[in-house]
Novice: 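This is the structure, below, for whatever I ask next.
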There are 2 protein chains.
Amino acid sequence: MRPTDTPKVRALPIFANVSDETFNRVTGAAYLQRFPANTTLLLEGDPVDFLYVLLEGQVELQGTWKDKETTLTILRPVSTFILAAVVLDADALMSARTLERCEILMISGDAIRTAMAEDARFAVAVARELSGCYRGLVRTIKNQKLRGGVERLANYLFTLRAKSGGGDSVHLPHEKRVLAALLGMTPENLSRAFATLGGYGVEVNGADVRLSKLGDLERLARPDPLIDNHAPRGPSLSAEADAEIWSTEHQRAGGARS
Amino acid sequence: MRPTDTPKVRALPIFANVSDETFNRVTGAAYLQRFPANTTLLLEGDPVDFLYVLLEGQVELQGTWKDKETTLTILRPVSTFILAAVVLDADALMSARTLERCEILMISGDAIRTAMAEDARFAVAVARELSGCYRGLVRTIKNQKLRGGVERLANYLFTLRAKSGGGDSVHLPHEKRVLAALLGMTPENLSRAFATLGGYGVEVNGADVRLSKLGDLERLARPDPLIDNHAPRGPSLSAEADAEIWSTEHQRAGGARS
DNA sequence: GCTCCGAATTGATGGAGATCAAGAGTCGCA
DNA sequence: TGCGACTCTTGATCTCCATCAATTCGGAGC
C-alpha cells in the first residue's frame, strides 16, 4: 500500500477501533493494483482470495443468469467489496467490473480471517460492516419491489441532493445508461422517467439536474428513512452505522459509537 | 430457556465454536415467549432490543411503503432473525409477523454485543452468520430480477425437492397465498404459474405436488448454484456456510470448517 | 346434513416496463 | 472538417404481471 493511501484505508469502518498492530498485520499482506476501465475483476462463481478496497474509480457489481444481467450496486471510493465471501471463504455470487480506470487495494482473505480470529475488536468491526451491507441490501430490495421506476428515480435524486449538501441542483455521477442499470430499468425508460419528472420541476441538462419545485417532487417521491439512507433523521441523530443504500460507500456521519 | 430447547439453540451457527461460558452468558439473559398466529413481533422502524430465535412456527419478514407491502422471507425453525439490527443497535428495517402460533427465544441485544466484544470466537461466528444472510439476500435479488414468475416457481419446487431428499413429489409448506407473497407474485398469478407448469409435468393436488418429467422442468428452471442454494455442488462439497435462499434457516450440510 | 367464509381458481382488462426501431445530439480522431 | 461510434432520446409495439370480477372448492361450525 502507498503511504498516501494509508489514512484513507485506516479510516475504513472495518478498521474502526482496531489496534495499529492488527491493522498493520492485515494490510501488510496487501497489493495496490491499477485496472483499466471495463475490466472484470472477479467473475461470478470464482473463488475469492482477496478483500477489495476501491480507492479510485468506479466498480459495478452485477449478477447474471441465462444471458440476463442485473446490476446490484455501483461502488465509489472508498469502499470495500465482497467481504461476505471473504469471511466465509466462499465463491463470489456476483461479478465485479470496473467502469473506469481504478485503483484498488487487495487484501489477503486469509489475513482477514486470521486477524478476526485473533482480535475481537476487528471481528466486531467486520460484523458491523457486514450488518451495514446487509441492511443496504434490504433497502435495495424494498426500493425495487415497492416503488415504480419514476419513484425510484425521484428518490435517487433526493439521495444525491442529500449527499451533495442539499442545494437545488445535483450532478449525476454516472452515465445515464449506467444510472439506468443501477435503478433497475432500461436506458429508454430512464429517459421517459426524466421526462415525466419534468412535470415536477426536474430540468435535465446533460449530467446537471435542477430541482425547482422540491415540494412537488418530494410529494411524489415520499422518501422514507427505512428505504433511503439519507432522510432527515430527527435532530438527535445517533450516528447510524448503516452502509449507503446505493452502494457500500463509507460516508458515515459519525465515527464509531462506543 | 427451557432445558429441552438448549441443544437446538446451542447448535445454531452463531454459537458454533463458542465456549460454553460465552454461550451461557448470552443465553442467560433470554426469555422464551409464545405468540399466537398473526401477531406483529416487531414493526418497521422500531428499535430492536432482542435477537429473535424462532424455535417453533413460521414468521414472515416484510417491508412496507405507501400501503404497499412486500415479503422478504419466511422463516422456519430453527432460525435467528434481525441479527444485523442487533449488531448495530439500530432500528428494524422490516416488520416481523407470525404466520402461525410460534415459540420464540428472545436474547438481549446488549448481551450479544457485549459477548462479541469479549469473545472473538463468538464475534467471528456472528460475522459468518451475517455473511450467510447477506449472501442469501444477494441470491434473493438475483432470483427476483433475473427470473420471471414461472421460472421462480419452478426453481422453488426444485429447492423444496432438494430439501426433502429428492423424490419426485414435494409438499408445499405454506398456504398458496403465502407462497405467492414469498415468490413475489399475486395469488392469481401463482395459480396461473402452476397451470403453466402443468405442461412440464407438474401436477398439483392441494399442498402435494408431483413432478413427473423432471428433465423438462429442469430445462425450464435452469437452477443455478449462484442463485439457488441447493444445486448439486460437485462431489467434494466443501460445506458452504451460506444461509438458505428463501430464509435464514439453518440446515447446513456440515459443521464448522476448521 | 346444512350454511358460511375464506382460499383457490379462472377469465377479462389495464398498466408498467421491455423491446424494437429510428432519429438527434456529442465526442474523438483522422 | 468530416467520418464513425457512441449515448441519448422518442415513438410504436409487445409481454408480463396486477387488478377486478365471478365462480368454485373445501373446511369449520351449527
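First the proteins, then the strands, lettered A, B, ... as listed; each starts at 1.
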Novice: Using atom CZ of B/Arg177 as one end and atom P of D/dA18 as the other, report the distance to the nearest whole Å.
Specialist: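 B/Arg177 atom CZ is separated from D/dA18 atom P by 16 Å.
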
Novice: Please determine if A/Arg101 and A/Glu56 form a salt bridge, counting it only when a charged side-chain N lies under 4.0 Å from a carboxylate O.
Specialist: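 No, A/Arg101 and A/Glu56 are not salt-bridged.
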
Novice: For the pair B/Lys142 and B/Asp228, evaluate salt bridge (charged side-chain N to carboxylate O under 4.0 Å, His left out) and give the outcome as yes or no after the intermediate values.
Specialist: CA-CA 10 Å; B/Lys142 289 171 69 173; B/Asp228 314 291; over 6 Å; no

Novice: Looking at CG of A/Asn143 and CG of A/Leu226, how far apart are the two atoms once the value is rounded to the nearest 0.5 Å?
Specialist: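 Result: 12.5 Å between the selected atoms.
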
Novice: Can you tell me how far P of C/dG15 sits from CD of A/Glu151, to the nearest Å?
Specialist: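 Between P of C/dG15 and CD of A/Glu151: 16 Å.
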
Novice: Pick base, sugar-phosphate or nothing for B/Gly206, based on heavy-atom distances below 4.0 Å to the nucleic acid.
Specialist: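 B/Gly206: no heavy atom of the nucleic acid under 4.0 Å.
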
Novice: Between D/dA18, D/dT9, C/dA18, spot the one nearest the side chain of A/Asn189, thanks.
Specialist: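 Selected nucleotide (nearest to the side chain): C/dA18.
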
Novice: Nearest to the A/Ser191 side chain among D/dC8, C/dA8, C/dA18, which nucleotide is it?
Specialist: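 Taking heavy atoms from C-beta onward, the closest nucleotide is D/dC8.
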
Novice: Any luck finding a side-chain donor-acceptor pair between B/Thr70 and B/Gln62 under 3.5 Å?
Specialist: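 The criterion, which ignores hydrogens and geometry beyond distance, is not satisfied for B/Gln62 and B/Thr70.
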
Novice: Could you tell me if A/Arg222 sits above the aromatic ring of B/Trp65, with its cationic atom closer than 6.0 Å to the ring centre and no more than 45 degrees from the axis?
Specialist: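 Relative to the ring axis of B/Trp65, which defines the angle, A/Arg222 lies outside at least one limit.
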
Novice: Starting from C1' on D/dA5, measure out to CG on A/Asn38 and report it in whole angstrom.
Specialist: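 One finds 15 Å between C1' of D/dA5 and CG of A/Asn38, rounded.
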
Novice: May I ask you to verify if any side-chain N or O of B/Thr186 is less than 4.0 angstrom from the OP1 or OP2 atom of D/dA18?
Specialist: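 Yes, B/Thr186 has a side-chain N/O under 4.0 Å of OP1/OP2 on D/dA18.
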
Novice: Report the distance from atom NZ of A/Lys176 to atom P of D/dT10, rounded to the nearest whole Å.
Specialist: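 Rounded to whole Å, this separation is 10 Å.
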
Novice: Taking only N and O in the side chain of A/Lys68, is any of them less than 4.0 Å away from OP1 or OP2 of C/dA18?
Specialist: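 Checking C/dA18 against A/Lys68, no side-chain N or O comes under 4.0 Å of OP1 or OP2.
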
Novice: Any N or O donor-acceptor pair under 3.5 Å from the base of C/dG11 to the side chain of B/Arg192?
Specialist: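 By the distance-only test, yes, there is a pair.
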
Novice: Given C/dA7, C/dT19, D/dT19, which nucleotide is nearest the side-chain atoms of A/Glu188?
Specialist: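 Output: C/dT19.
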
Novice: Would you mind reading off the distance between A/Glu175 atom CD and C/dC27 atom C1', rounded to a whole angstrom?
Specialist: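 Value for this atom pair: 12 Å.
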
Novice: Can you tell me the distance, in whole Å, between the CG atom of A/Leu183 and the C1' atom of C/dG17?
Specialist: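 So the two atoms are 14 Å apart, to the nearest Å.
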
Novice: Rounded to whole angstrom units, what separation is found between the CG atom of A/Leu190 and the C1' atom of D/dC8?
Specialist: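 Spelled out: CG on A/Leu190 to C1' on D/dC8 is 10 Å.
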
Novice: Rounded to the nearest Å, what distance is computed from the CG atom of residue B/Leu179 to the C1' atom of nucleotide C/dA8?
Specialist: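 That distance rounds to 13 Å.
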
